[in-house]
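Lettering follows sequence order; numbering is per chain, from 1. Note that this is a predicted model, so its numbers are computed, not measured.
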Amino acid sequence: MPELPEVETTRSGIAPHIQGQRISGVVVRQPRLRWPIPGNLGDLLGGRTVRAVERRAKYLLLRLSNGSLILHLGMSGSLRILPRDTVPGKHDHFDLLFKQCCLRLRDPRRFGAVLWTDQPVEQHPLIAHLGPEPLSEEFNGVYLHRQAQQRRVAIKNLIMDGRVVVGVGNIYANEALFRAGIHPARPAGRISLARCARLAEEIKQVLAAAIIQGGTTLRDFQQEDGKPGYFAQELLVYGKAGSPCPGCGNPLKQQRIGQRSSVYCSRCQR
DNA sequence: AAATTCTCCTGAAGGC
DNA sequence: TGCCTTCAGGAGAATT
């Protein structure tokens, strides 16, 4: 499922194909995503050139001269670059057509989004109140520790809260907490500065490593060329409940924390 | 105010 | 073989 590494992999994959290219058409086959795809996208986008392909949190931003197209992959979405005449599949909901190719959104569970804004994208309601990027210097141990003060919520929920830090979804939250030796259910306010620093560092490390591998493919995720991401083979705990802990050999436990499945070692993580 | 629950959706997997 | 139930989850909205 697309988290930050998968979205960044998608961004870097599609950018060379569409940056500087003119949009010749828009196809909407199924407008009912998380929010309806605007009906006038054809008029807004037709003939415009994609100036830049950027990412903020898990949102992809296609910058045009008259505004920005905001794309979100939800949890089962993927974007591919295809020949223009490729026959669409069942869940291929949206195409942007270019002279040489087609950018196609596939999203079986339809939790994704295709939105438009003609305002500065930083002011969009979905983006304006987001926390810092995890790979930025702004996100560090001191910052995380400060955010955790007086908070009784589980640390795993805190690092998955987009107002605190963006882009950390369930897979990488589990992995980072294991690598940092912190129990996912530990109250956020009861973690020392040193351990917050370790956690912030592990979040950065695991995200950066996953970007290099092209993200994690469990079921749906595909890179822009249709290939899977290869970070799944480097996951230490996610999806491995019952297996021996890579650190101590004890069976990994699974527990729901904040409606999310969490995997951890009760011996290595405190 | 903070924390929890609900909601959208499809497909895989398990039970009988 | 097939139908039913359960689970998975990003993140905004609603509720406690």
Side-chain angles (χ1 to χ4, degrees), chain A residues 1-11 28-37 55-61 70-79 88-94 105-115 117 123-134 146-177 184-190 203 207 210 215-222 228-229 232 235 237-242 253-263:
Chain A
M1 45 236 50
E3 298 185 25
L4 187 147
E6 291 72 35
V7 179
E8 179 58 27
T9 294
T10 298
R11 189 204 64 76
V28 178
R29 297 185 196 82
Q30 168 59 275
R32 293 176 55 228
L33 303 185
R34 172 132 208 224
W35 297 280
I37 298 178
R55 178 188 60 74
R56 173 73 172 104
K58 299 178 191 171
Y59 295 96
L60 280 168
L61 310 172
I70 302 173
L71 301 172
H72 197 286
L73 299 178
M75 62 159 293
S76 63
S78 58
L79 284 167
K90 183 179 177 184
H91 301 297
D92 291 339
H93 306 314
F94 176 80
L105 173 68
R106 171 175 296 182
D107 186 5
R109 269 160 270 188
R110 289 164 45 197
F111 282 11
V114 178
L115 299 170
T117 182
Q123 295 173 18
H124 192 278
L126 291 174
I127 295 185
H129 305 290
L130 294 174
E133 290 285 327
R146 184 173 299 143
Q147 290 291 316
Q149 292 308 299
Q150 314 300 330
R151 299 290 302 275
R152 275 165 288 191
V153 69
I155 183 61
K156 179 156 177 279
N157 292 350
L158 189 82
I159 61 175
M160 292 178 68
D161 183 340
R163 293 165 300 184
V164 175
V165 59
V166 300
V168 182
N170 198 38
I171 296 174
Y172 300 111
N174 278 298
E175 294 297 311
L177 285 163
R186 170 167 286 270
R190 296 191 50 249
I203 288 171
L207 291 177
T216 299
T217 295
L218 296 176
R219 184 175 304 156
D220 300 294
F221 179 68
Q222 300 185 325
L235 296 176
V237 295
Y238 185 85
K240 297 181 186 295
K253 293 189 174 181
Q254 183 159 2
Q255 171 189 340
R256 286 185 83 77
I257 298 171
Q259 310 304 107
R260 289 291 176 277
S261 163
S262 306
V263 186

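Nearest heavy-atom pair across A:Gly74 and A:Pro2 is O-CD, 3.8 Å. Residues A:Val166 and A:Gly131 share a closest heavy-atom pair of CG1-O, 3.5 Å.
Taking side-chain N and O atoms only, A:Arg151 has no distance below 4.0 Å to OP1 or OP2 of B:dA1. Taking only side-chain nitrogens and oxygens, A:Lys90 never comes nearer than 4.0 Å to OP1 or OP2 of B:dT10. Listed pair A:Tyr238 / C:dG9 meets the phosphate criterion, a side-chain N or O lying under 4.0 Å from OP1 or OP2. At the phosphate of B:dT10, OP1 or OP2 sits under 4.0 Å from a side-chain N or O atom of A:Arg110. For the OP1/OP2 pair of B:dG11 and a distance below 4.0 Å, the side-chain nitrogens and oxygens of A:His91 include at least one atom meeting the criterion. Between A:Arg34 and C:dG10 there is no side-chain polar atom (N or O) within less than 4.0 angstrom of OP1 or OP2.
Side-chain to base pairing of A:Arg256 with C:dA8: no donor and acceptor N or O lie closer than 3.5 Å to each other. A donor and an acceptor atom never sit less than 3.5 Å apart when one is taken from the side chain of A:Arg109 and the other from the base of C:dG10.
In the set C:dA11, B:dC9, B:dT10, the nucleotide with an atom closest to the side chain of A:Lys58 is C:dA11. Closest to the A:Arg260 side chain, of the nucleotides B:dC9, C:dA11, B:dT4, is C:dA11. The side chain of A:Gln259 lies closest to B:dT5, out of B:dC9, B:dT5, C:dG12.
The interatomic distance linking A:Gln150 (CD) with B:dA2 (P) rounds to 10 Å, in whole Å. Atoms CG (A:Leu60) and P (C:dG10) sit 16 Å apart, rounded to a whole Å. Atom CG in A:Leu158 sits about 12 Å away from atom C1' in B:dA3, given to the nearest Å. Distance CE (A:Met75) to P (B:dG11): 12 Å, rounded to an integer number of Å. In this structure, CH2 of A:Trp35 is placed 7 Å from P of C:dA13, rounded to the nearest angstrom. Remark: P of C:dG12 and NE2 of A:His124 are 11 Å apart, rounded to the nearest angstrom. Nucleotide B:dT4 holds its P atom 12 Å from the CG atom of A:Asp161, rounded to whole Å. In this structure, the NE2 atom of A:His93 is 11 Å from the P atom of B:dC9, given to the nearest Å.
At a threshold of 4.5 Å between non-hydrogen side-chain atoms, the residues A:Leu4 and A:Tyr172 do not count as touching.
A:Ser76 contributes a side-chain N or O that, together with a main-chain N or O of A:Arg109, makes up a donor-acceptor pair within less than 3.5 Å. Under a 3.5 Å cut-off, the side chain of A:Asn174 and the backbone N or O of A:Val263 do form a donor-acceptor pair.
The NZ atom of A:Lys156 lies 8.0 Å from the CG atom of A:Leu177; values are rounded to the nearest 0.5 Å.
For C:dG10, the base is stacked against the aromatic ring of A:Phe111, per a cut-off of 5.5 Å between centres and 30° between planes.
Counting non-hydrogen atoms under 4.0 angstrom, A:Leu126 reaches the backbone sugars and phosphates but no base.
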